[in-house]
K.L.:
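Mind looking over this structure? Questions follow.
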Amino acid sequence: MTSKADPRPKARTPRGFVDRRGDVLRAERRIVEAVSQVYERFGFELLETGAFEYADALGKFLPDADRPNEGVFALQDDDDEWMALRYDLTAPLARFVAQNWETLPKPFRRYAVGKVWRDEKPGPGRYREFVQCDADTVGSERPEADAEIIAMAVEGYAAAGLPRGAYVLKINNRKLLNGLLASCGVADEGQKLAVLRAVDKLDRLGRDGVRLLLGEGRLDESGAFTRGAGLAPAAAEPVLAFIAAGAGGRSATLDRIAEVVAGSAEGEAGLAELDRIGAALGAFGVGEEQALFDPSVVRGLEYYTGAVFEAELLAETQDEAGGGARFGAIGGGGRYDDLVARFTGERTPATGFSFGVSRLAAALAASGQSETSQARGPVVVIALDAARMTDYQSLAAELRGAGFAAEVYLGSAGMKAQMRYADRRLSPAAVILGEDEIAAGQVTVKDLDLGRQLAAGVSDNRAWRGDRPGQVTAPRADLVSLVRQIVGRAR
RNA sequence: GCCGCCUUAGCUCAGUUGGUUAGAGCGCCAGAUUGUGGCUCUGGAGGUCCUCCGUUCGAUCCGGAGAGGCGGUACCA
């Protein structure tokens with residue numbers, strides 16, 4: 001061995017990225033198609049924008065000289081302009097709407113499906129590249145627009161195959177908490193954000209944990225201290241009462257919220273919006289158990305200005321180790337009335353919902369709803385004799401012409417390995433054209449599914465091979481009808 | 001980002017009190033079976049023992065640094 005550096009690169013996927021094969025992709029494509037159909041039925045137009053945006057269009061995560069790659073994958077173009085891979089589909093929508101406002105039908109309703117990228121610490125089920133599916137309405141401030149987005153999300157989950165009761169869509173309104181805080185004398189933006197963050201942790205830390213985070217702060221088990229919002233107890237108690245108001249049906253929740261936010265103009269406005277959303281949901285036929293009001297929903301984002309939505313998976317799930325898997329949100333969204341104004345200076349009301357496609361696929365799998373069946377392979381034409389490749393190719397072409405997936409085995413292994421190949425591909429049939437068949441003007445088609453069934457009961461290899469189960473030899477002209485019989489059975 | 005644990009074959013993992021050829025199961029390939037998937041048997045391939053630096057006659061093992069993975073926490077568009 002020399003001390004020269006190994007010139008061979010290591011085959012590996014970059015951190016936070018995954019390779020995904022046919023079966024997974026098929027499942028995801030089914031989901032996307034189902035949800036897209038729902039969106040189209042509601043009158044939403046498909047829009048695609050590029051993967052890159054100029055960094056300033058992406059908003060607060062824009063790179064600057066000090067940390068050009070914070071949170072996003074960014075690079076500098078030839079003209080020194082920073083561009084970055086989009087981290088969601090909403091920022092590109094805001095840019096598109098601002099750019100094309102004059103020519104768009106208003107309100108503008110579009111859905112979008114595409115990859116987004118985030119340069120952050122990957123975790124289980126959390127990658128640096130993933131597919132999102134969004135629907136947004138830009139240019140309507142009616143609460144009915146929010147309700148419609150929620151109704152589409154509910155229908156989307158149903159269309160994707162998530163059963164009723166497996167999830168719940170929680171609805172809240174930022175104006176409620178804003179109004180509440182204002183009437184408690186909390187005006188500082190940083191403090192408001194800290195309150196939102198604390199409220200967001202209700203499901204994980206419980207009421208007492210949130211109380212600590214609303215006040216001075218909280219010391220967790222590992223000894224790390226999280227600074228709180230610094231609210232006085234007199235201000236924290238109404239917040240705690242507010243976030244506890246969520247149990248029960250939609251109108252009962254509204255009644256309880258009304259008591260807490262009474263006297264605040266912004267709170268009353270938020271309440272009125274929720275009331276109209278609730279009425280519209282009723283008209284859409286969205287049940288109380290599918291979409292409810294929950295004052296503890298936050299969505300963490302600064303840019304939401306009104307209604308916020310979050311879909312949570314309820315079904316009992318298990319991770320691979322058998323423990324209870326925490327799933328958390330499987331989608332979310334809300335109203336963002338200021339996002340387009342970043343470009344135009346004019347307030348443009350907008351509302352939307354977004355879900356992660358692979359997260360939903362994982363949710364379906366976890367609730368036992370996904371068909372994880374392996375894709376069926378093609379009919380495999382066994383290649384026994386290199387000199388006969390053209391014959392094999394025409395057999396395959398004939399089958400493809402008749403509408404079957406078919407391929408000629410292109411490796412160099414023998415018959416046994418070729419049969420194993422067809423078996424692993426889950427092919428329904430193998431076509432054998434050997435010397436015997438050629439001499440007799442025949443072709444042999446083997447039913448692999450039948451063999452799979454019979455194999456379990458066979459213990460003697462000689463018999464297994466000798467019986468040749470499901471194997472039919474017939475005149476070559478009958479190829480297509482033989483395959484049709486066998487493959488028809490397989491479907 | 002911070003704290004803790006972990007990293008040996010494609011996968012799951014043994015093991016070496018620091019010593020010459022590092023193992024198992026599963027998987028993969030081949031033969032038994034000139035042209036037939038499964039079972040069984042036999043054989044084979046596959047390892048920088050995460051990387052670098054240090055200690056040592058000698059390091060997969062000890063020390064340090066780094067990378068990657070897992071869990072918690074923070075952040076989350």
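When reading the values below, keep in mind they use all heavy atoms of this one structure, side chains included, and skip hydrogens, waters and symmetry mates. A note on names: the letters A, B, ... follow the listed sequences, proteins ahead of strands, and every chain is numbered from 1.
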K.L.:
Distance check needed: B:G35 P versus A:Glu435 CD, whole Å only.
P.N.:
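Result: 11 Å.
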K.L.:
Can the ring centroids of A:Phe17 and A:Tyr127 be said to lie less than 6.0 angstrom from one another?
P.N.:
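Centroid distance A:Phe17-A:Tyr127: not below 6.0 Å, so no.
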K.L.:
Could you pull out the protein-nucleic contacts involving nucleotides 28-30 of chain B (nitrogen or oxygen on both sides, under 3.5 Å)?
P.N.:
{"unit_1": "B:C28", "atom_1": "OP1", "unit_2": "A:Arg424", "atom_2": "NH2", "d": "2.9"}
{"unit_1": "B:C29", "atom_1": "OP1", "unit_2": "A:Arg424", "atom_2": "NH1", "d": "3.2"}
{"unit_1": "B:C29", "atom_1": "OP2", "unit_2": "A:Arg424", "atom_2": "NH2", "d": "3.2"}
{"unit_1": "B:A30", "atom_1": "OP2", "unit_2": "A:Arg420", "atom_2": "NH2", "d": "2.4"}

K.L.:
Can you say whether the rings of A:Tyr157 and A:Phe355 are parallel (under 30°), tilted (30 to 60°) or perpendicular (over 60°)?
P.N.:
tilted
K.L.:
Against A:Val210, only a single residue in A:Val239, A:Asp200, A:Ile243 fulfils side chain to side chain contact (heavy atoms under 4.5 Å, CB included); can you say which?
P.N.:
A:Ile243
K.L.:
Report the distance from atom CG of A:Leu212 to atom C1' of B:U73, rounded to the nearest whole Å.
P.N.:
15 Å
K.L.:
Would you mind reading off the distance between A:Arg15 atom CZ and B:C50 atom C1', rounded to a whole angstrom?
P.N.:
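Distance check: A:Arg15 CZ to B:C50 C1' gives 15 Å.
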K.L.:
Establish whether the base of B:U36 is bridged to the side chain of A:Gln471 by a donor-acceptor pair shorter than 3.5 Å.
P.N.:
yes
K.L.:
Grab the N/O contacts between the protein and nucleotides 39-43 of chain B below 3.5 Å, and write none if there aren't any.
P.N.:
{"unit_1": "B:C39", "atom_1": "O2", "unit_2": "A:Ser459", "atom_2": "O", "d": "3.4"}
{"unit_1": "B:C39", "atom_1": "N4", "unit_2": "A:Asn461", "atom_2": "ND2", "d": "3.0"}

K.L.:
Ignoring backbone atoms, establish whether A:Arg197 has a side-chain N or O less than 4.0 Å from OP1 or OP2 of B:C76.
P.N.:
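True: A:Arg197 side-chain N/O within range (under 4.0 Å) of B:C76 OP1/OP2.
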K.L.:
If the threshold is 4.0 Å, N to carboxylate O, is there a salt bridge linking A:Arg95 and A:Glu53?
P.N.:
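Result for this pair is yes, salt bridge flagged.
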K.L.:
Would a line drawn from the ring center of A:Tyr39 to the ring center of A:Tyr111 be shorter than 6.0 Å?
P.N.:
yes
K.L.:
Nearest whole angstrom, please: distance from the P of B:G35 to the OH of A:Tyr392.
P.N.:
13 Å
K.L.:
Count the heavy atoms of every other residue, nucleotide or ligand shown that sit under 6.0 Å from CD of A:Glu141, and state whether that count exceeds 12.
P.N.:
no
K.L.:
Please work out if A:Gln453 contacts a base, only the sugar-phosphate, or nothing of the nucleic acid, heavy-atom cut-off 4.0 Å.
P.N.:
nothing
K.L.:
Nearest whole Å is fine: how far is B:G68 C1' from A:Arg128 CZ?
P.N.:
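Answer to the nearest Å: 12 Å.
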K.L.:
Nearest of B:G35, B:A74, B:G37 to any side-chain atom of A:Lys201?
P.N.:
B:A74
K.L.:
Assign each of A:Arg118 and A:Lys446 to its nearest nucleotide of RNA chain B by heavy atoms, then name whichever residue's nucleotide is nearer the 5' end.
P.N.:
A:Lys446
K.L.:
Which nucleotide, B:G37, B:C75, B:G35, lies nearest any side-chain atom of A:Asp423?
P.N.:
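The closest nucleotide is B:G37.
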K.L.:
Let me know which of A:Lys115, A:Arg15, A:Arg20 forms a salt bridge (Lys or Arg N to Asp or Glu O under 4.0 Å) with A:Glu129.
P.N.:
A:Lys115
K.L.:
Tell me what A:Ile432 touches on the nucleic acid: a base, only sugar-phosphate, or nothing, going by heavy atoms under 4.0 Å.
P.N.:
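Counting heavy atoms under 4.0 Å across all strands, the contact made by A:Ile432 includes a base.
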K.L.:
Please work out the stems of RNA chain B from pairs that are Watson-Crick or G-U wobble with both distances under 3.5 Å, keeping only runs of three or more consecutive pairs.
P.N.:
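Stems (3+ consecutive pairs) listed as B:1-7 with B:67-73, B:10-13 with B:23-26, B:28-32 with B:40-44, B:50-54 with B:62-66.
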K.L.:
When you measure only distances, ignoring hydrogens and angles, does the side chain of A:Gln418 come within 3.5 Å of the base of B:G35 through a donor and an acceptor?
P.N.:
no
